[in-house]
Amino acid sequence: MLLVRRGLDKMKNIIFIAPPAAGKGTVSDFLVRNCNYEHISTGDLLREEIRRGSPLGEELDKIIKEGNLVSDEFMIKLMDEKIKALPKDKPFILDGFPRTIKQAESLDKMLVSNNVTNNMVVFLDIALEDALARVLGRIICPKCGRSYNINHEEVKPKVDNICDDCGIELEKRDDDTEESFKIRFDSYLTNTKPIIEYYEKKNMLKRVDATIPLSDIFQIIKNEANK
Ligand code: ATP
Ligand code: MG
């Protein structure tokens, strides 16, 4: 009886907490392709707005390029709309939110008010030096947002500098410079790291070493999301 029910159960919703370039986007991409997850990436949403060239996009561009965080007020409003609009029949991934304690507290309220249960938090752990090396080798598709890395066999594009899915040229992100990365990593330590303890206390946290082979990371997260 239990076996039959398991197969029908939805996998857990996943909230990623991680330093910059830990691989949130890459792991999310795998879960979308293989496990039918809905993916909300705040970075992708903000970069889309920047690409539209709106006055708001110009403002966001400046903040992000310098490695700073967008205001809690703006992010909370954006995510409130996104969470309300989530499909009910699919599990989802939050990639890039929450990034501050204030955002984490707001997220709790949003999940309760939208009757969203069955959530887990995955902390993808990586040291500064490894994260910096990834940032410097990262290239992304300007159309679909998929991330590649020229220094990692597992996530190299099939054809140099071309997106496997869209067939268009890959680009470096404006904020993937050493200078901006250091500000982002500092901001992670000050603003985002305290969230780890916040979720640990709620017994929701699973720590995963972000430097083990990607196939192992996928397996660990898949198993955990099916528990
Ligand atoms: P990863 O490499 O794991 O995808 P990242 O930190 O390099 O993560 P994104 O998640 O793509 O990059 O975010 C890019 C930038 O967008 C952040 O540095 C920040 O300026 C802004 N941003 C994204 N999410 C938030 C948020 N929740 N609160 C404030 N600013 C945000
Ligand atoms: Mg990302």
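Atoms within a ligand are numbered from 1 in the order they appear, just like the ligands themselves.
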Practice task
State plainly whether one hydrophobic cluster holds both Ile15 and Ile40, where clusters connect Ile, Leu, Val, Met, Phe, Trp and Tyr through side-chain heavy atoms under 4.5 angstrom apart.
Solution key: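 Same cluster: Ile15 reaches Ile40 through Ile, Leu, Val, Met, Phe, Trp or Tyr contacts under 4.5 Å.
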Exercise for the section: In sequence, state the C-alpha distance, the side-chain angles, and the governing distance for Glu179 and Glu66, and then conclude on side-chain contact (heavy atoms from CB on, under 4.5 Å). Expected result: CA-CA 8 Å; Glu179 196 189 2; Glu66 287 173 0; over 6 Å; no
Only heavy atoms of [X], strictly under 4.0 Å: list the atoms of ligand 1 that pass.
X: Lys24; answer: 1 (P), 3 (O), 8 (O)
X: Met75; answer: 24 (N), 25 (C), 26 (C), 27 (N), 28 (N), 29 (C)
X: Gly43; answer: 9 (P), 11 (O), 13 (O)
X: Arg138; answer: 1 (P), 2 (O), 4 (O), 7 (O)
X: Arg47; answer: 11 (O), 14 (C)
X: Phe97; answer: 27 (N)
X: Gln103; answer: 26 (C), 27 (N), 28 (N), 29 (C)
X: Arg173; answer: 5 (P), 7 (O), 9 (P), 11 (O), 12 (O), 14 (C)

So is [X] polar-close to ligand 1, meaning N/O to N/O under 3.5 Å?
X: Gly25; result: no
X: Asp95; result: no
X: Ile63; result: no

Exercise for the section: Might you work through the side-chain contact (heavy atoms from CB on, under 4.5 Å) test for Phe97 and Ser41, ending with a clear yes or no? Expected result: CA-CA 8 Å; Phe97 186 93; Ser41 158; over 6 Å; no
Exercise for the section: Ignoring hydrogens and angles, state whether a donor on the side chain of Glu49 or Ser54 is under 3.5 Å from an acceptor on the partner side chain. Expected result: yes
Handout entry: Thr100 and Asn191: side chain donor to acceptor below 3.5 Å
Key =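 On atom types as modelled, these side chains do not qualify, holding no pair under 3.5 Å.
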Handout entry: Test: Asp176 and Arg138 ion pair at under 4.0 Å
Key = yes
Practice task
Apply side-chain contact (heavy atoms from CB on, under 4.5 Å) to Leu46 and Met75, showing your working.
Solution key: CA-CA 10 Å; Leu46 299 171; Met75 292 309 300; 4.1 Å; yes
Residue, atom name and distance, where the atom is the protein heavy atom closest to [atom]:
atom: atom 21 (C) of ligand 1; result: Leu46 CD1, 3.6 Å
atom: atom 24 (N) of ligand 1; result: Thr42 OG1, 2.7 Å
atom: atom 15 (C) of ligand 1; result: Ile64 CG2, 3.9 Å
atom: atom 19 (C) of ligand 1; result: Asn68 O, 3.6 Å
atom: atom 7 (O) of ligand 1; result: Arg184 NH2, 2.5 Å
atom: atom 31 (C) of ligand 1; result: Arg99 CD, 3.9 Å
atom: atom 30 (N) of ligand 1; result: Val70 N, 3.0 Å

Practice task
Between Val135 and ligand 1, find which residue part has any heavy-atom pair under 4.0 Å and reply side chain, backbone, both or neither.
Solution key: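 Contact part for Val135 vs ligand 1: neither.
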Handout entry: Members besides Ile183 in its Ile/Leu/Val/Met/Phe/Trp/Tyr cluster (side-chain heavy atoms under 4.5 Å)
Key = none
Exercise for the section: Verify side-chain contact (heavy atoms from CB on, under 4.5 Å) between Ile162 and Leu170, making sure each step is shown before the conclusion. Expected result: CA-CA 5 Å; Ile162 299 291; Leu170 300 169; 5.6 Å; no
Exercise for the section: Check the pair Arg207, Asp125 against salt bridge (charged side-chain N to carboxylate O under 4.0 Å, His left out), reporting the backbone distance first and the verdict last. Expected result: CA-CA 7 Å; Arg207 180 191 169 276; Asp125 196 6; 2.9 Å; yes
Practice task
Examine ligand 1 and decide if any of its atoms is less than 4.0 Å from a heavy atom belonging to Ala18.
Solution key: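 No, Ala18 has no heavy atom closer than 4.0 Å to ligand 1.
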Determine all donor-acceptor pairs shorter than 3.5 Å in which one atom belongs to a side chain in residues 80-94; sequence neighbours excluded.
residue	atom	partner	partner atom	Å
Asp80	OD2	Lys84	NZ	3.2
Lys90	NZ	Glu38	OE1	3.0

Practice task
Assess whether side chain to side chain donor-acceptor pair (under 3.5 Å) is satisfied between Asp108 and Tyr198, documenting all intermediate values.
Solution key: CA-CA 11 Å; Asp108 278 351; Tyr198 176 87; 2.4 Å; yes
